[in-house]
Amino acid sequence: MANPGGMNMQDMFGKMMEMQEKMNAAQDELADKTVTAEAGGGMVKVTANGAQEITGIEIDPEAVDPDDLELLEDLVIAGVNKALEDASDMAQEEMKDSMGGMLPQGMDLSQLGL
C-alpha cells in the first residue's frame, strides 16, 4: 500500500528502525569516547565522556590555596562546563557521522537530547 509520497508504510517503518538501531549503537560508542578540558591554564583538568558524564577531575596542587577556595571552585566549575560542552559537540558530530545521509539536511540533534 503506497502513500502519495511513493514510499509504503513498511519501507518507512524499516528505515525508522534502521535509524534507531544506528543511533543506539552510536550512543553506546560515545560512552567510550572522552574529551578533556582545562581551566586556569591547566590547573584543573576535567574529563567527560560522550554520554556527557564527568569521568575524571585532576587538580594541580598549586591550585589549592586554603585562603582562596573560591578560585579553585570557579576553576572546577569552568572545567566541568567546558568538558560538558566539548562532550556535547563530540556527541553531535559522532551522531551526524554515524547517521550519514539518514537525517534531513540541517536537523539539530540537540532536539533529540544529543
Side-chain angles (χ1 to χ4, degrees):
M1 172 183 219
N3 68 14
M7 180 182 279
N8 71 38
M9 294 301 285
Q10 187 174 3
D11 288 345
M12 188 169 26
F13 184 71
K15 291 281 188 195
M16 288 173 54
M17 292 298 292
E18 181 182 346
M19 187 166 79
Q20 182 66 42
E21 288 171 7
K22 285 187 175 186
M23 285 182 68
N24 289 341
Q27 286 175 330
D28 289 343
E29 290 176 20
L30 281 171
D32 294 330
K33 295 185 178 191
T34 62
V35 293
T36 300
E38 296 183 357
M43 293 175 71
V44 172
K45 296 178 184 175
V46 180
T47 302
N49 66 17
Q52 297 182 21
E53 300 168 332
I54 301 302
T55 60
I57 297 177
E58 292 179 40
I59 299 173
D60 185 326
E62 296 289 318
V64 181
D65 179 354
D67 296 325
D68 193 5
L69 289 179
E70 188 174 334
L71 173 63
L72 178 57
E73 291 165 350
D74 290 344
L75 291 174
V76 170
I77 289 169
V80 167
N81 287 336
K82 178 66 173 143
L84 290 176
E85 179 183 328
D86 291 352
S88 177
D89 291 346
M90 177 187 64
Q92 283 199 25
E93 193 61 38
E94 290 287 326
M95 292 302 282
K96 284 179 189 174
D97 290 348
S98 70
M99 299 277 75
M102 295 185 74
L103 294 176
Q105 188 77 0
M107 181 175 181
D108 182 6
L109 293 174
S110 66
Q111 296 171 343
L112 302 174
L114 303 172

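Being a predicted model, the structure only gives us computed values, none of them experimental.
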Regarding Asn81 and Glu85, is there a side-chain donor-to-acceptor distance under 3.5 Å anywhere? no
Modelled atom types, side-chain donor and acceptor of Thr36 and Thr47, under 3.5 Å: yes
Would [X] end up clustered with [Y] when hydrophobic side chains under 4.5 Å apart are linked, directly or stepwise?
{"X": "Met43", "Y": "Val80", "result": "yes"}
{"X": "Ile77", "Y": "Leu84", "result": "no"}
{"X": "Met16", "Y": "Met9", "result": "yes"}

Before giving the answer on salt bridge (Lys or Arg N to Asp or Glu O under 4.0 Å), spell out for Asp86 and Lys82 the whole-Å C-alpha distance, their side-chain angles and the decisive distance to 0.1 Å. CA-CA 6 Å; Asp86 291 352; Lys82 178 66 173 143; 2.9 Å; yes
How long is the span from the [atom1] atom in [X] to the [atom2] atom in [Y], to the nearest 0.5 Å?
{"X": "Asn49", "Y": "Met90", "atom1": "CG", "atom2": "CE", "result": "7.0 Å"}
{"X": "Asp74", "Y": "Asp68", "atom1": "CG", "atom2": "CG", "result": "8.5 Å"}
{"X": "Glu73", "Y": "Leu69", "atom1": "CD", "atom2": "CG", "result": "6.0 Å"}
{"X": "Leu30", "Y": "Met23", "atom1": "CG", "atom2": "CE", "result": "10.5 Å"}
{"X": "Lys15", "Y": "Gln10", "atom1": "NZ", "atom2": "CD", "result": "13.0 Å"}

Tell me the closest heavy-atom pair linking Val35 and Ala87, and the distance in Å. CG2-N, 3.6 Å
